[in-house]
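A quick write-up on the structure given underneath.
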Number of protein chains: 2
Amino acid sequence: MKQIQKKNEGTRFKRTPQRLAILEYLEGNTSHPSAEDIFRVVSKRYQSMSFATVYNTLNTLTRAGELRELTIDPERKRYDPDTSRHHHLICVLCGKIADIPEKIGVELPKDMAEHFVLLGHHIEFYGHCSSCRKKNKAK
Amino acid sequence: MKQIQKKNEGTRFKRTPQRLAILEYLEGNTSHPSAEDIFRVVSKRYQSMSFATVYNTLNTLTRAGELRELTIDPERKRYDPDTSRHHHLICVLCGKIADIPEKIGVELPKDMAEHFVLLGHHIEFYGHCSSCRKKNKAK
DNA sequence: CATAATGCTTAGAATGATTATAATTTATAT
DNA sequence: ATATAAATTATAATCATTCTAAGCATTATG
Ligand SMILES: [Mn+2]
Ligand SMILES: [Mn+2]
Ligand SMILES: [Zn+2]
Ligand SMILES: [Zn+2]
């Protein structure tokens, strides 16, 4: 009894209307939105929604492993509903974050591998996105 | 005249005692300290040092390309005097950040490479550092 | 049904990192 | 020496995020 509760602690949670609204917005969303981005959109539909609820929900989902918290933007956290292994490209001109599929094999140098237990990795690519490239060409 | 000034704008700046104290602390430092880490140490030696000066200096150095600002720690910015291309391993247990030399060839998938202008990349490795590994074994 | 227990939402306060402001000090140029 | 510009300082302001305390909703209990 206690053990089952313990095991699912954090991974099971009530599907409240607010949470569903957030989940629905995130479903398939590849824009890597910030908490504020999410609040702006979801609170429009869901009148009484509080900012605190957005943060609570994001933290709950993250702890439950249903959401990935990205540290790529120095200003704020970004959230990614795609929890599969993949990497990101951030456009240094407009700030957009695009997905990069994980095809790339990356390994720690041997001497490092002996000292560390490697759990995972994330590559941040920096560059110019296609829409910014077009804009630049235009002028 | 104007053009030369323009060119060196941001890259040339006065070597004040405060800045030298910060530079000296950073010289060869591989601990990837935060602004507060730096302030704590440097202000001990340099009495009147203000926190604002630390931030100002770090921003100036970063803009001048003499310092790298790391986004790897979600809580605060970290600073790295090593501006050469290299990657980082962050220990998820103790938070320490270690350097990983750039030996690893990483390329964008072809279809992506056509759309983006790639300027650089940074790999964050997650894992357990050797000292945490030892501690864990001990118990 | 009544009531208690639990978990969620809410508004607003608190926190912590970082930036902005305005006055003062230091360095540089005339 | 006087003016000009740049840097430092203390402090206030800002912004993202977390915390708090009160109320609400849902489920369990009798
Ligand atoms: Mn993604
Ligand atoms: Mn480094
Ligand atoms: Zn762009
Ligand atoms: Zn460690």
Side-chain angles (χ1 to χ4, degrees), chain A residues 1-2 4-6 8-25 32-40 42-64 66-79 95, chain B residues 1-2 4-6 8-25 32-40 42-64 66-79 95:
Chain A
M1 262 302 115
K2 278 277 170 54
I4 291 168
Q5 272 180 286
K6 195 84 188 178
N8 282 356
E9 180 176 89
T11 68
R12 239 317 124 263
F13 47 86
K14 288 185 191 157
R15 304 279 153 162
T16 64
Q18 291 92 334
R19 286 174 176 174
L20 288 172
I22 294 173
L23 257 320
E24 191 186 345
Y25 173 67
H32 308 92
S34 66
E36 206 202 331
D37 294 335
I38 296 166
F39 176 72
R40 208 182 2 255
V42 176
S43 69
K44 210 169 279 170
R45 309 242 146 188
Y46 204 101
Q47 179 35 257
S48 72
M49 168 82 60
S50 158
F51 218 133
T53 298
V54 173
Y55 276 110
N56 288 341
T57 301
L58 293 174
N59 288 336
T60 301
L61 290 172
T62 302
R63 265 181 252 114
E66 300 198 16
L67 198 58
R68 209 169 129 193
E69 212 176 79
L70 299 181
T71 290
I72 193 171
D73 179 343
E75 307 299 314
R76 68 201 93 252
K77 290 179 186 162
R78 306 290 209 101
Y79 295 89
Chain B
M1 260 308 106
K2 279 277 168 56
I4 291 168
Q5 272 180 288
K6 195 85 186 177
N8 283 354
E9 181 176 87
T11 67
R12 242 316 126 260
F13 48 86
K14 288 182 193 161
R15 304 279 153 162
T16 66
Q18 292 89 336
R19 285 174 176 176
L20 288 172
I22 293 172
L23 257 322
E24 191 185 346
Y25 172 67
H32 308 91
S34 67
E36 206 202 330
D37 294 335
I38 296 166
F39 177 72
R40 205 179 7 250
V42 176
S43 68
K44 210 169 280 173
R45 310 241 146 190
Y46 203 100
Q47 179 35 257
S48 72
M49 169 83 60
S50 159
F51 217 132
T53 298
V54 173
Y55 276 109
N56 288 340
T57 301
L58 293 174
N59 288 335
T60 301
L61 290 172
T62 301
R63 266 182 251 114
E66 301 198 16
L67 198 57
R68 211 170 128 192
E69 212 176 78
L70 299 182
T71 290
I72 193 171
D73 179 343
E75 307 299 315
R76 67 201 95 252
K77 289 180 185 160
R78 304 290 208 102
Y79 295 90

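Below, read A as the first sequence line, B as the second, and so on, with proteins coming before strands; counting in each chain starts at 1.
Contact check on A:Glu66 versus A:Arg19 returns no salt bridge, with no Lys/Arg side-chain nitrogen under 4.0 Å from an Asp/Glu carboxylate oxygen.
When each of A:Asn56, A:Thr16, A:Val42 is paired with A:Ile22, the side-chain contact (heavy atoms from CB on, under 4.5 Å) condition holds for A:Val42 and for no other.
Residues of residues 18-25 of chain B having a heavy atom closer than 4.0 Å to DNA chain D, listed by number: B:Gln18, B:Arg19.
For the pair A:Phe39 CZ and D:dC15 C1', the computed distance is 15 Å after rounding to whole Å.
Looking at heavy atoms from C-beta onward, B:Tyr79 lies out of side-chain contact with B:Leu70 at the 4.5 angstrom threshold.
Residues satisfying the side-chain contact (heavy atoms from CB on, under 4.5 Å) criterion with B:Pro17, sequence neighbours excluded, are B:Tyr46. For A:Ser34, the side-chain contact (heavy atoms from CB on, under 4.5 Å) partners are A:Glu36, A:Asp37, A:Arg76, A:Arg78, not counting sequence neighbours. Under the rule for a ring pair (Phe, Tyr, Trp, His ring centres under 6.0 Å), the partners of A:Tyr55 that lie at least two apart in sequence or sit in another chain are A:Phe51. Legend: residues meeting side-chain contact (heavy atoms from CB on, under 4.5 Å) with A:Thr53, ordered by chain and number and at least two apart, are A:Gln18, A:Met49, A:Ser50, A:Thr57.
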For every nucleotide of nucleotides 14-23 of chain C, 5' to 3': is a protein heavy atom under 4.0 Å from its base (B), only from its sugar-phosphate (S), or from neither (-)?
-> ---SBBB---
Where along nucleotides 25-30 of chain C does protein come under 4.0 Å, by heavy atom, of base (B) or sugar-phosphate alone (S), with - for untouched nucleotides?
-> ---S--
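To the nearest 0.5 angstrom, A:Ser43 atom OG is 11.0 Å from A:Tyr25 atom OH. Taking CD of A:Glu69 as the reference point, atom CG of A:Leu67 lies at 8.0 Å (rounded to 0.5 Å).
Across every non-hydrogen atom of B:Leu20 and B:Arg15, the tightest pair is CD1-O, 3.8 Å.
A close approach under 4.0 Å does occur between a side-chain nitrogen or oxygen of B:Thr53 and OP1 or OP2 of D:dT9.
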